[in-house]
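In the text below, chain A, chain B and the rest are named by the order of the sequence lines, each starting its count at 1. In what follows, every heavy atom counts, from backbone to side chain, and hydrogens, waters and symmetry copies are set aside.
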Amino acid sequence: MIENPLLRNLNNLQKQAVMVQGANILVNAGPGTGKTRVLTARIAWLLEQGTDAHDLLAITFTNKAASEMAERMKVACPEGGVKITTFHSWAYDLLCKKRPLDRTPVVITEDEQKRLFREAAHSVGLKGDTRPLFQRLQFLKQFFPIDLQDEAEDLRLAWQHYQNSLAAHNLYDFDDLIISAIAILEEERGRDSNFRPYRHILIDEFQDVSPAQYRLCQLLAGPGCCIMAIGDPHQSIYGFRGSNPALMEKFMQDFSPCTRISLITAYRCGQNLLDAARVVLREKSAPRLISANTIPGSITFKQFKGPSQEATWIAKTIDRLSGGVSFESLNQGSATGQELRSLSDIAILFRINSLGEILAKELAKMGIPYQVSPKSHHSSDENLNKIWHILELLEGHHVDYHSIMLSKEERKIVLSLSGHKKQALRTLEPVNLLDTLSEAFGLHLESVEKAFLERAIASHRQGKPLSLALKTEQDYLDFHVEAVSLLSLHASKGLEFPIVFIAGCEQDIIPLKDCDPREERRLFYVGLTRASEQIFITCTSERQLWGERITVRPSQFIKEIDGFIEKEGKKPGVKRRKKVHQKKLF
DNA sequence: GAGGTTCAACCTTTT
DNA sequence: GTTGAACCTC
């Protein structure tokens, strides 16, 4: 029998996973074991087996991951037609289908969520700081069913009021999307026991599902539906939003019959890196991954006096590795004889964003191009949102809601406009309208934002609801750009770089104080397994944190992986072992 | 209701 | 060391 070309480049375990029939599948896929490859191969294989594309659903966590997978699918099977989406988008689409057309659900941002909640808390007579209550609400919303039994009366009251005010304007926060989808599906299932929308569901990064999303999975599947859940419980790092590595085990029981496959060949990291990472993980149940990489991967550890020395050293090292753009390296030339690196091959990871800022400054000083994780996009989102509220207010929609979202001053400006002026604004060319608004409200729109808003306003004037027209496609980091990536450990998940720096590797930062120590281990595991060839771990003896200057010790993890760290002036342990091995051979 | 003062957080983050 | 929210004063 001729082997299917889709399966040709897969190893045996991957093939097995791709071709499971008549059972749910749980794939334990450690770092670099070909998770996405298995997922896409399975979709392609199912299609080839005659599955209708409409019976297939692939779910990822981020839009970015979804579009990347869609891109891969285009290559694997150009006819395509398979729905690749996120939990939230899927839920949003369902909501749109179930609501009357004139009542398009509007999703609010976290900022708006906070304001609305505070407003709600105050209107039920709560005094004092409402932030702890809000945090609790956000956490509880990740669960299903939501249990308010043991919660404070204050929280219940404020919650109720918050949800009422959302409902009054057809608003949903991100968690409501999932919660509402669950409610719709439960109701539907109660009415019609044949309700089975998909025959095959594939879920990526399953270790990140929240209990609510897990419930959604249960409702989407039923007899005759096969789920492939793929993920790595050891990379579960989103406990603060409800995810839990134990859910993967629960899947085995709840979705019986279920085949479990653990991929053990890793194509990214060298063996030395994999073994070091496994030591930090301290999970006896974790299988030892075997690297297909011939380079063992080296770990270097450096301790500095303070953050500026650390940053300088990192910047200089990057400069040296990349052949250099700085004055110094131009003088020295690339005398090291090492192969030069593209800046896009290098990432600097850190536990807390404040460390990233120091590093960014130093790189800027040296003239090394860098890009930071998408956190900074936040401010531009705020601009877009503000414009949205202003425009809606100008049109007189949901006046009370949109008013809350603007500052008093801004509100005054909008509401004081005469009807005549409003009408004039409405007919203004989008470009001019934006200019007028930016000036009146002191907004600084970047040209990209402006172009985007112009398009949105134009399409709105052709009859599209403004909220829909503005529904943004976030700009994501482009890792092909010739720049060093500065990322939090969390943001680095799913990415890979030949060379990785982990900065600020100090006790109480990595692992971070007062955090779940097991999750901190998994987080460091994620960090170590981002690199394929080389890791530089740095720490300092002194750190200024939250205004206080403190002396710090190296992270406990350093000691734990000491045997895997390359010692200065000495050959690394692994290489030596290799030599011994070779002697035996001859 | 604007403007100053005090007090406590301050980690990770996608949708 | 900075921010955001609540509270206080005029």
Original post:
B/dT14 base stacked by A/Phe174? Criteria: ring centres under 5.5 Å, plane angle under 30°.
Top reply: no
For atom [atom1] of [X] and atom [atom2] of [N], their distance in whole Å:
X: A/Leu349; N: B/dT12; atom1: CG; atom2: P; result: 14 Å
X: A/Phe350; N: B/dT13; atom1: CZ; atom2: C1'; result: 14 Å
X: A/Ile358; N: C/dT2; atom1: CD1; atom2: P; result: 13 Å
X: A/Lys64; N: B/dT13; atom1: NZ; atom2: P; result: 13 Å
X: A/Phe87; N: B/dT13; atom1: CZ; atom2: P; result: 21 Å

**OP:** Indicate, with a heavy-atom threshold strictly under 4.0 Å, whether A/Phe61 touches base, sugar-phosphate, or nothing.
**Re:** sugar-phosphate
Original post:
Is A/Ile352 touching bases, backbone alone, or none of the nucleic acid, heavy atoms closer than 4.0 Å?
Top reply: sugar-phosphate
Taking every non-hydrogen atom, the tightest pair across [X] and [Y]:
X: A/Arg543; Y: A/Ile358; answer: NH1-CD1, 4.3 Å
X: A/Ala503; Y: A/Leu355; answer: O-CD1, 4.3 Å
X: A/Asp232; Y: A/Pro31; answer: OD2-CD, 3.4 Å
X: A/Arg521; Y: A/Leu281; answer: CD-O, 4.0 Å

**OP:** Quick one: which residue pairs count as a salt bridge (charged side-chain N to carboxylate O under 4.0 Å, His left out) with a foot in residues 152-168 of chain A, not counting sequence neighbours?
**Re:** A/Glu153-A/Arg156
Original post:
Using purine N1 to pyrimidine N3 plus N6-O4 or O6-N4 for Watson-Crick, or N1-O2 and O6-N3 for G-U wobble, each under 3.5 Å, what pairs with B/dC11?
Top reply: none
Close N or O pairs between protein and nucleotides 4-9 of chain C (under 3.5 Å):
residue, atom, partner, partner atom, Å
C/dA6, OP1, A/His122, NE2, 3.3
C/dA6, OP1, A/Gly128, O, 3.4
C/dC7, OP1, A/Gly128, N, 3.4

Original post:
If you draw the axis of the six-membered ring of A/Phe139, does the NZ or CZ of A/Arg136 fall within 45° of it and under 6.0 Å from the ring centre?
Top reply: no
Original post:
Below 4.0 angstrom from OP1 or OP2 of B/dC11, is there any side-chain N or O of A/Asn353?
Top reply: no
**OP:** Select one nucleotide: of B/dT15, B/dT13, C/dG1, the one nearest the side-chain heavy atoms of A/Trp546.
**Re:** C/dG1
